[in-house]
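Note sheet for the following structure.
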Number of protein chains: 2
Amino acid sequence: MSRPTVHDVARVANVSLSTVDRVLNGRDGVRQATQQRVRAAMKQLGYERDIMAANLSRKRVYRIHFAIPDGPNSFMRNLAAELDSHARLALRDRTEISVSLVPPFDGRALAADLRRAREQAVDGVVMVATESAEVRQAVSDLRGAGIQVVTLISDLSASARGHFVGIDNVSAGRTAAGLLGRFCQGRPGRIAIIAGSMLVRDHVERRLGFEQVMHAEFPDLQLLPPVEGGDEAARVDELLTNVLQDCRDIVGIYSLGGGNRGLRAALDRAKSSPRPLVVVHELTDQSRAALQDGVFDAVLQQDIHKEVASALIIMRNLIEAVPVDPRTGIIHTEIFLRDNLP
Amino acid sequence: MSRPTVHDVARVANVSLSTVDRVLNGRDGVRQATQQRVRAAMKQLGYERDIMAANLSRKRVYRIHFAIPDGPNSFMRNLAAELDSHARLALRDRTEISVSLVPPFDGRALAADLRRAREQAVDGVVMVATESAEVRQAVSDLRGAGIQVVTLISDLSASARGHFVGIDNVSAGRTAAGLLGRFCQGRPGRIAIIAGSMLVRDHVERRLGFEQVMHAEFPDLQLLPPVEGGDEAARVDELLTNVLQDCRDIVGIYSLGGGNRGLRAALDRAKSSPRPLVVVHELTDQSRAALQDGVFDAVLQQDIHKEVASALIIMRNLIEAVPVDPRTGIIHTEIFLRDNLP
DNA sequence: ATGAAAGCGCTAACAA
DNA sequence: TTGTTAGCGCTTTCAT
């Protein structure tokens with residue numbers, strides 16, 4: 001009739017509740033023979049543990065730590081704000097969220113924070129990864145301590161992380177190229193690429209995907225080597241201004257990192273004609289305005305709200321040892337034109 | 001220290017557990033004065049009821065009914081499959097899902113199914129809406145019986161539905177126009193529009209958005225009146241073949257409903273040169289192949305998995321009377337080019 | 001109008 | 001190695 005309980009299992013297996021519990025939770029002190037009987041009973045009845053009841057009884061609280069980059073980057077600021085708002089709601093689900101802001105592009109700083117999280121004995125850590133040996137070591141230590149690890153937005157290569165939540169950055173780069181190439185149609189010339197840092201995997205992957213498609217499908221367009229603006233507006237402005245002065249035949253720009261305020265400033269100052277077609281990442285007040293003004297042509301975006309929500313769901317499943325639906329972590333890259341701004 | 005419980009409230013208010021419970025659940029049989037005291041205690045302690053514990057004790061099961069269109073349309077078939085897979089997992093969360101397939105574009109049939117759901121006294125109904133007076137009446141009856149209603153994919157206008165889960169279809173139409181217009185760049189000519197039926201709101205809205213942007217931004221392109229193919233491949237093939245014969249200057253096609261197998265067949269047969277640019281909805285085996293073969297140029301998509309997941313989350317919140325985050329229901333329209341196929 | 005006590009499914013301290 | 005018992009926070013008879 002209704003779902004079988006531990007009582008049913010105990011009765012069928014002819015043992016007490018505690019014995020069922022011991023088997024259920026893999027605690028020792030149960031004879032092999034008895035274990036068999038209990039397991040058989042569970043299978044026979046199709047028993048599935050009621051996690052809510054279990055959590056109630058053990059007064060369990062999930063403690064999840066987020067390590068995200070600090071700095072003026074408005075994308076990361078939004079992320080921090082998002083976490084704050086989730087923190088309140090999550091309490092209802094017995095989930096306690098802590099957040100620490102670590103210096104960006106700094107593997108040592110991130111590793112140090114992960115070490116701290118391990119000492120606090122949290123249940124899981126979610127982080128925006130920076131590639132570095134220290135970080136990989138710290139992650140491996142976390143896993144060793146039975147702490148779940150999820151990477152968010154920027155992944156860690158070949159690491160022992162449990163899951164990644166974010167967009168497919170190679171695909172995002174390819175999308176940018178597909179759009180930019182089609183928008184530039186026919187017009188030959190050069191394409192400038194602006195990155196934040198090649199130390200973070202998301203930027204590396206976007207560049208890779210972009211170049212793949214550009215080379216294969218739009219051979220008339222010649223790619224300049226990427227410049228690294230550290231996601232900072234001032235630096236991006238300076239670098240791009242130089243580029244625009246050096247090359248008068250730039251027909252397209254792909255900005256795959258932050259600092260787009262600087263990008264726009266440089267464009268406004270240069271007043272090229274015809275203006276270059278521009279594809280950037282992350283919808284902010286700046287990029288939205290630029291889209292409306294016809295200075296940017298497309299903005300690729302990842303929905304931070306969904307990313308945080310997915311990360312939390314995955315974390316819970318990981319901690320509860322429930323199988324994780326791989327689709328949960330996949331966030332589609334959203335594309336905004338001036339026509340479909342929300 | 002840890003979250004206050006009913007016991008704490010009872011102690012502070014100087015009443016018994018049952019009295020606290022009565023106030024908490026709005027049951028009568030409590031003097032005004034006592035109610036005040038209890039409420040004051042709750043406020044003072046910052047009490048928030050533990051829903052999991054509550055559900056455990058009342059052995060509550062959420063019963064949610066889905067009413068979705070039947071038919072050969074592969075998009076709706078995917079939806080049905082998605083629901084099946086969710087049905088198993090949802091059991092873990094004390095949620096029981098029932099599904100019924102109703103004839104498409106048929107308001108009476110849908111209304112009849114809704115009536116049946118009401119008699120079954122389910123907790124909530126999720127439906128892909130068809131516009132009709134009967135349906136609006138049935139929805140209003142459901143709400144009257146305290147049953148939550150969520151529309152999925154296609155909304156109901158000015159109805160008493162609790163929430164809508166799906167993409168912004170006006171915006172999707174605008175996106176299609178933005179892309180098609182830019183892809184056609186310069187080339188003047190006519191644009192064909194293929195719809196399923198103007199009885200469903202999503203199609204109406206897509207058309208609206210498409211025409212808005214086309215008129216405003218691409219006045220060189222002239223729009224043909226939409227043809228209605230009922231989301232059936234054979235019908236779409238036939239209609240489009242006629243259109244292509246009548247007008248030799250078709251530069252673009254927007255298919256905003258189903259039956260894209262027929263669209264492709266007609267295009268393959270017509271062999272126009274240069275081939276028209278094509279934007280369609282829903283990524284299926286057919287449309288994916290057409291994208292790869294360079295017959296379609298962009299596919300707009302809604303992620304059914306996420307839509308079902310969101311609908312379930314919203315339903316639970318609605319039933320538990322927890323405030324619903326409006327962002328939960330908003331599903332972004334995904335855009336696929338040949339370059340970013342998953 | 002109010003309260004005492006048993007129980008939801010699971011866990012944990014303590015006996016045996 | 002196994003079992004008994006008392007909760008977790010909330011709801012629900014059944015008394016008073």
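A, B, ... follow the sequence lines: proteins, then strands. Residue 1 opens every chain.
- Taking 3.5 Å as the limit, the base of D/dT4 and the side chain of A/Ser18 contain a donor-acceptor pair of atoms between them.
- Around atom CZ of A/Arg108, no more than 12 heavy atoms belonging to other residues, nucleotides or ligands sit under 6.0 Å away.
- Rounding to whole angstrom units, CE of residue B/Met42 and C1' of D/dG9 are separated by 15 Å.
- Nucleotide C/dG9 holds its P atom 17 Å from the CZ atom of B/Arg92, rounded to whole Å.
- Closest contact between the side chain of B/Val15 and the listed nucleotides C/dG3, C/dG9, D/dC10 involves C/dG3.
- Residue order along DNA chain C, read from the 5' end via each residue's closest nucleotide, puts B/Arg37 first among A/Leu56 and B/Arg37.
- Distance from the side chain of A/Ala53 is smallest to C/dG9 among D/dC10, D/dT2, C/dG9.
- Under 3.5 Å, the side chains of A/Gln120 and A/Arg116 contain no donor-acceptor pair of N or O atoms.
- Nearest nucleotide to the side chain of A/Ser16, out of D/dT11, D/dT2, C/dG9: D/dT2.
- Ionic pairing of B/Asp70 and B/Arg77 is not present here: no N-O contact between side-chain nitrogen and carboxylate oxygen is shorter than 4.0 angstrom.
- Backbone-only engagement by B/Arg27 is indicated by non-hydrogen atom pairs under 4.0 Å involving sugar-phosphate atoms exclusively.
- Across all strands, A/Val20 comes closer than 4.0 Å to no nucleic acid atom at all (heavy-atom distances).
- Distance CZ (A/Arg3) to C1' (C/dC8): 12 Å, rounded to an integer number of Å.
- The side chain of A/Thr34 approaches D/dT2 more closely than any other nucleotide in the set D/dG9, D/dT2, C/dG3.
- For the pair B/Thr95 (side chain) and B/Tyr62 (backbone), a donor-acceptor distance under 3.5 Å is absent.
- The residue A/Thr19 sits close only to the backbone: its heavy atoms come under 4.0 Å of sugar-phosphate atoms, none of a base.
- B/Leu24 comes within 4.0 angstrom of sugar-phosphate atoms only, judged by non-hydrogen atoms across all strands, and of no base.
- Nucleic acid contact for A/Asn25: sugar-phosphate only, since backbone atoms but no base atoms lie under 4.0 Å from a heavy atom of the residue.
- Ranking C/dT2, D/dG3, D/dT11 by closeness to the B/Arg58 side chain, first place goes to D/dT11.
- D/dT16 atom P lies 19 Å from atom CG of B/Leu17, rounded to whole Å.
- B/Arg22 comes within contact range of at least one nucleobase, with a heavy-atom separation under 4.0 Å.
- Atom CE of A/Met52 is separated from atom P of C/dC10 by 12 Å (rounded to the nearest Å).
- Atom CZ of A/Arg94 is separated from atom P of D/dC8 by 12 Å (rounded to the nearest Å).
- The minimum heavy-atom distance linking B/Ser100 with B/His65 is given by the pair OG-NE2, 3.2 Å.
- Backbone-only engagement by B/Asp50 is indicated by non-hydrogen atom pairs under 4.0 Å involving sugar-phosphate atoms exclusively.
- Between B/Asn55 atom CG and C/dC8 atom P the separation is 16 Å, expressed in whole Å.
- Counting to the nearest Å, the P atom of C/dA6 and the NZ atom of B/Lys59 are 18 Å from each other.
- Electrostatic pairing of A/Arg136 and A/Asp141 does not count as a salt bridge here, judged by no charged N lying under 4.0 Å from a carboxylate O.
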